[in-house]
Amino acid sequence: MPELPEVETVRLGLEPVFTSSAIASVELRRGDLRFPFPPRFAARLKGRRARSLYRRAKYMIAKLDSGEALVMHLGMSGSFRIEGEKSSHAPGAFHVKRSGAGAHDHVVFHFANGARVIYNDPRRFGFMLLEPQATLATHPLFAGLGIEPLSRDLHAAALAKAFTRRKAPVKAALLDQRIVAGLGNIYACEALHRARISPLRAAGSLVAKSGKSTDALVRLAAAIKEVLCEAVAAGGSTLRDHRQADGTLGYFQHSFRVYDREGAACPTPRCKGQIARIVQSGRSTFFCPTCQK
DNA sequence: CGCATCCCCTGCCTGC
DNA sequence: TGCAGGCAGGGGATGC
């Protein structure tokens, strides 16, 4: 389920576990997810401790005290859950699940303090890698990544530069990881609606002749940040509730203005339009043909 | 090179 | 009730 806000929520939940205790052992329940696990995956993690857990696009990266980086991607259906963690919430309660392996539990990290982090992924589009920290930036998965959408690097001029002469629809351009890294299908739709830009417009048509940015790109850059920030805040709330550290959608899904709302009235004030669904690059696009131009 | 299509895999929902 | 078909939030490979 994860898009960037969900990955960020998962990262926030996992960070204290990964950085406060060493990995005692790792159980692999199968040899591969999307890719085979790296050679000696469990052995290279045993005894290691993470100095940090950060996010780039939709990747989570744990910097280990061995000099290696554990890279984790949730794909379409990956999630983590935490078990066996001491909680200040319910002192004395036996809330620790004695679960046997659930279906599709593929990896279990056992930590020295007794916590377990379990990776579950029915579709197995997720993956984990172990790479030297020093060369991570040049790894094929990371070398070509575009602008981090929640950073200061995302602004109208940067979008103008990236969109110049691009004939692909702006929706496709927003999903291109080489342009904006980590914006997924839902939030691309949501951002375009908030910016009142049609997903069908050629990306290059949003750039001024001079190559400079336009009002539309100013709105788009702001809309991307705004919708992601709101979703991260919503995910963070559910995390603080201690209900889901697992990356399923938080209640922000109830705030979608267009995604999965085909046929509904456009939520833009005074707009009489109706949300439409089309397919672009093989993926659903939801938008309002009336107010998105 | 830029862009569209297809595919990896499983689960869930819809319609017959 | 069962079953077939379509669809899913990611992203890489392929081919035009």
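Residue numbers begin at 1 in each chain, while the letters A, B, ... track the order of the sequences.
Nearer the 5' end of DNA chain B, as judged by each residue's closest nucleotide, is the contact made by R178(A), out of G282(A) and R178(A).
Between the side chain of R283(A) and the base of dA8(C), no donor-acceptor pair under 3.5 Å is found. The base of dC9(B) does not come close enough to the side chain of R124(A) for any donor and acceptor atom to sit less than 3.5 Å apart.
A tilted orientation is assigned to the rings of H106(A) and Y119(A), their planes being inclined by 30° to 60°. F37(A) and F41(A) have tilted rings, their planes meeting at an angle from 30° to 60° on a 0 to 90° scale.
L141(A) comes within 4.0 angstrom of the backbone, heavy atoms only, and of no base. Heavy atoms of R165(A) sit nowhere under 4.0 angstrom from any nucleic acid atom. P5(A) comes within 4.0 angstrom of no nucleic acid atom, judged by non-hydrogen atoms across all strands. Among the atoms of the strands shown, none is found under 4.0 Å from any heavy atom of F35(A). Among the heavy atoms of the strands lying under 4.0 Å from Q177(A) are primed sugar atoms or P, OP1, OP2 only; no base atom is included. Within 4.0 Å (heavy atoms only), R34(A) reaches at least one base atom of the nucleic acid. G184(A) comes within contact range of the sugar-phosphate backbone alone, with a heavy-atom separation under 4.0 Å but no base atom that close.
In terms of hydrophobic clustering, with Ile, Leu, Val, Met, Phe, Trp and Tyr side chains grouped at heavy-atom distances under 4.5 Å, L70(A) and V17(A) are assigned to a common cluster.
Set against dG12(C), dA4(B), dG11(B), the side chain of P169(A) has dA4(B) as its closest nucleotide. Listed nucleotides: dG11(B), dA8(C), dG11(C). Nearest to the side chain of K58(A): dG11(C). With dG10(C), dC7(C), dC3(B) as the candidates, the nucleotide lying closest to the side chain of S284(A) is dC7(C).
In a base pair of the Watson-Crick type (N1 to N3 plus N6-O4 or O6-N4) or a G-U wobble (N1-O2 and O6-N3), with each distance short of 3.5 Å, dC9(B) is matched with no nucleotide.
One finds no salt bridge joining D65(A) and R49(A) here, because no Lys/Arg side-chain nitrogen approaches an Asp/Glu carboxylate oxygen to under 4.0 Å. A salt bridge links D32(A) to R30(A): at least one charged side-chain nitrogen sits closer than 4.0 Å to a carboxylate oxygen.
Residue H104(A) places no side-chain N or O under 4.0 Å from the OP1 or OP2 atom of dC9(B).
With centroids closer than 5.5 Å and planes inclined by less than 30 degrees as the test, F125(A) and the base of dC8(B) pass as a stacked pair.
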